[in-house]
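In the text below, chain A, chain B and the rest are named by the order of the sequence lines, each starting its count at 1.
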Protein chains: 2
Amino acid sequence: MKVLSKGSVYALRALTYVVAHKGDIGYVSIGELSRSLDISFHFLTKIFQQLTQAGILESYRGPNGGIKLARPPHEIKVIEIVDVLEGPEFFNTCLLGLPGCGEFDPCPVHDFWAKAKEALRREFELTTLAELGTKVSDERLRIKP
Amino acid sequence: MKVLSKGSVYALRALTYVVAHKGDIGYVSIGELSRSLDISFHFLTKIFQQLTQAGILESYRGPNGGIKLARPPHEIKVIEIVDVLEGPEFFNTCLLGLPGCGEFDPCPVHDFWAKAKEALRREFELTTLAELGTKVSDERLRIKP
DNA sequence: TTGGTTTAAGACCTTCAAGTCTCAAAAAAC
DNA sequence: GTTTTTTGAGACTTGAAGGTCTTAAACCAA
């Protein structure tokens, strides 16, 4: 069951790593993140470009350049990242793939699925990068394969 | 957010249609289902072949042939169909795509995601084709695009 | 037994997310 | 200035899911 695209997954892992290991000081190079987390450098670059254009990250070119969070980690919600990388239709899907499925023209599993989607959206809304980072650094939870 | 493959989605829609419109008597041809639900005939055939081999459907060739449920619709759970078409790893995935993520080596969102997956599994476990069919025929819920 | 109707099986094609590659642009160090 | 290091941008390739096509096999009916 694949819910998030690779782009979202890589972004969340990489930014959690930044928060957990880099203390939010200065720029972190994409090359280092790519090596540390075993994620394709060019692919990661493309993902970060989207997040930079969306204002979630700031980037800097040249020696000692890289990316950093545009705001403190406790202000950046997981859902912001998901919104950018998955697009606005992410929480607007029907489990049976029926176009136009909704409150007034539902499929047979609409009610259940609407609740399940809302629970996921809420989780993404309530979770910040700071929390992910804290979990990883304090409790030594996994972030690498 | 795509959770189920097209195969599962088409199977659920087609079998719900059978239960709702065909009264569970005799064989229903794949051609009719394909036309009624606007699903590729050959693709639907391949999906039903898997369900037939798994013992969920029975098929019959020749004139007036087709497929039918191997058991009464109230005995066939949605999860049986999902298990066949999605494979055994469907409910065993990590939201962050980390291999080996589990109770003793969790990713930062493991706890939440384990509960969400369990809720979905339970829903699929409790829902039968009979219920889907009833919803469609009684409440005129949508099953076609 | 011939021909029409249907599923079975597998080869083949298409599409798109995922991943790679190349060159340009910005910044720093020399 | 020139070189090195880094991100930016876009073309290109790959792999897997989705979809199509062809032939075989089973079945019925005239």
Side-chain angles (χ1 to χ4, degrees), chain A residues 1-14 18 26-35 37-70 82 84-87 89-90 93 96-97 145, chain B residues 1-14 18 26-35 37-70 82 84-87 89-90 93 96-97 145:
Chain A
M1 173 168 33
K2 200 189 63 178
V3 170
L4 295 172
S5 68
K6 290 283 187 184
S8 296
V9 163
Y10 290 166
L12 289 172
R13 276 168 50 195
V18 168
Y27 294 94
V28 183
S29 84
I30 303 177
E32 178 190 342
L33 292 172
S34 161
R35 282 188 301 276
L37 295 169
D38 197 30
I39 298 171
S40 153
F41 168 75
H42 291 291
F43 192 30
L44 196 52
T45 298
K46 280 207 299 195
I47 295 162
F48 282 155
Q49 279 170 21
Q50 293 183 72
L51 294 175
T52 300
Q53 286 163 1
I56 293 171
L57 299 181
E58 288 174 4
S59 66
Y60 202 81
R61 290 195 257 206
N64 299 313
I67 58 97
K68 70 173 183 183
L69 302 180
V82 171
V84 170
L85 297 175
E86 304 289 340
E89 292 300 304
F90 183 70
T93 57
L96 298 186
Chain B
M1 173 168 31
K2 198 189 65 176
V3 170
L4 295 172
S5 68
K6 291 283 187 184
S8 296
V9 163
Y10 290 167
L12 289 173
R13 277 167 52 195
V18 169
Y27 293 94
V28 182
S29 85
I30 302 177
E32 178 189 341
L33 291 172
S34 162
R35 281 189 301 277
L37 296 169
D38 198 30
I39 298 172
S40 152
F41 167 76
H42 291 289
F43 192 30
L44 196 52
T45 298
K46 282 206 297 196
I47 295 161
F48 282 156
Q49 279 170 22
Q50 294 182 71
L51 294 175
T52 300
Q53 285 163 0
I56 293 171
L57 299 181
E58 288 173 4
S59 68
Y60 203 79
R61 291 195 255 204
N64 299 313
I67 56 96
K68 69 173 182 183
L69 302 180
V82 172
V84 170
L85 297 175
E86 303 290 339
E89 292 301 302
F90 184 70
T93 57
L96 298 186

Give me the residues of residues 55-67 of chain A where at least one heavy atom lies under 4.0 Å from an atom of DNA chain C, by number, or none.
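Going residue by residue through residues 55-67 of chain A, the ones with a heavy atom under 4.0 Å of DNA chain C turn out to be A:Tyr60, A:Arg61, A:Gly62, A:Pro63.
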
Under a 4.0 Å heavy-atom cut-off, which of residues 3-13 of chain A touch DNA chain C?
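Contacts with DNA chain C under 4.0 Å: A:Ser5, A:Lys6, A:Tyr10.
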
Might you point out which heavy atoms bring B:Leu44 and B:Ala14 nearest each other, and give the distance in Å?
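Smallest heavy-atom distance, with atoms named: CD1-CB, 4.3 Å.
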
Over all atoms of both residues, closest heavy-atom pair of A:Ser40 and A:Ser34
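Minimum heavy-atom separation between A:Ser40 and A:Ser34: C-OG, 4.0 Å.
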
Let's see if you get this right: which residues in residues 37-47 of chain B place a heavy atom under 4.0 Å from DNA chain D?
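Of all residues in residues 37-47 of chain B, the ones placing a heavy atom under 4.0 Å from DNA chain D are B:Ser40, B:His42, B:Phe43, B:Lys46.
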
Could you list the residues that satisfy ring-ring contact (aromatic ring centres under 6.0 Å, His included) with A:Tyr27, not counting sequence neighbours?
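Only A:Tyr60 meet the ring-ring contact (aromatic ring centres under 6.0 Å, His included) criterion with A:Tyr27.
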
Taking atom CZ of B:Arg35 and atom CD1 of B:Ile30, what is their separation to the nearest 0.5 Å?
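Rounded to the nearest 0.5 Å, the CZ-CD1 separation comes out at 11.5 Å.
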
With rounding to the nearest 0.5 angstrom, report the CZ to CG distance, A:Arg13 to A:Asp38.
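So the CZ of A:Arg13 and the CG of A:Asp38 are separated by 8.0 Å.
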
Show me the donor-acceptor pairs within less than 3.5 Å that the side chains of residues 48-59 of chain A make with the rest of the protein, sequence neighbours left out.
residue : atom : partner : partner atom : Å
A:Thr52 : OG1  : A:Phe48 : O            : 2.8

If a pair satisfies side chain to side chain donor-acceptor pair (under 3.5 Å) and one of its residues is in residues 1-10 of chain B, list it, with sequence neighbours excluded.
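Listed by first then second residue: B:Ser5-B:Glu86, B:Ser8-B:Glu86.
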
Just wondering, do B:Leu85 and B:Leu4 contact through their side chains at under 4.5 Å, heavy atoms?
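Answer no - side chains too far apart.
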
Is there a side-chain contact between A:Leu33 and A:Ile39, using heavy atoms and a 4.5 Å cut-off?
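Not touching, per the 4.5 Å side-chain cut-off.
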
Counterpart residues, salt bridge (Lys or Arg N to Asp or Glu O under 4.0 Å), relative to B:Glu32 (two or more places apart):
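B:Lys22.
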
Hey, where on DNA chain D does chain A first and last touch, going 5' to 3'? Cut-off is any atom under 4.0 Å from a heavy atom.
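Under 4.0 Å from chain A, the extent on DNA chain D is D:dT5 to D:dA11.
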
To 10°, what angle do the rotation axes through the five end pairs on each side of the helix from C:dT1-D:dA30 to C:dC30-D:dG1 form?
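Computed from the C1' atoms at both ends, the axes differ by 10°.
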
Any donor and acceptor pair, going by atom type alone, linking the side chain of B:Thr45 with main-chain N or O of B:Phe41 inside 3.5 Å?
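Yes; judged by distance alone, with no hydrogens or angles, the pair exists.
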
Go through the structure and list residues passing side chain to side chain contact (heavy atoms under 4.5 Å, CB included) with A:Pro63, not counting sequence neighbours.
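Side chain to side chain contact (heavy atoms under 4.5 Å, CB included) list for A:Pro63, sorted by chain: empty.
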
By side chain to side chain contact (heavy atoms under 4.5 Å, CB included), which residues pair with B:Val3, not counting sequence neighbours?
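By the side chain to side chain contact (heavy atoms under 4.5 Å, CB included) rule, B:Val3 matches A:Met1, A:Leu95, A:Trp113, B:Met1, B:Phe90, B:Leu120.
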
For A:Gln53, report the nucleic acid contact type (base, sugar-phosphate, nothing); a contact means any heavy atom under 4.0 Å.
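Result for A:Gln53 = sugar-phosphate.
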
Please list, in 5' to 3' order, the outermost nucleotides of DNA chain C lying under 4.0 Å from any heavy atom of chain B.
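Contact boundaries, 5' end first: C:dG4 to C:dA11.
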
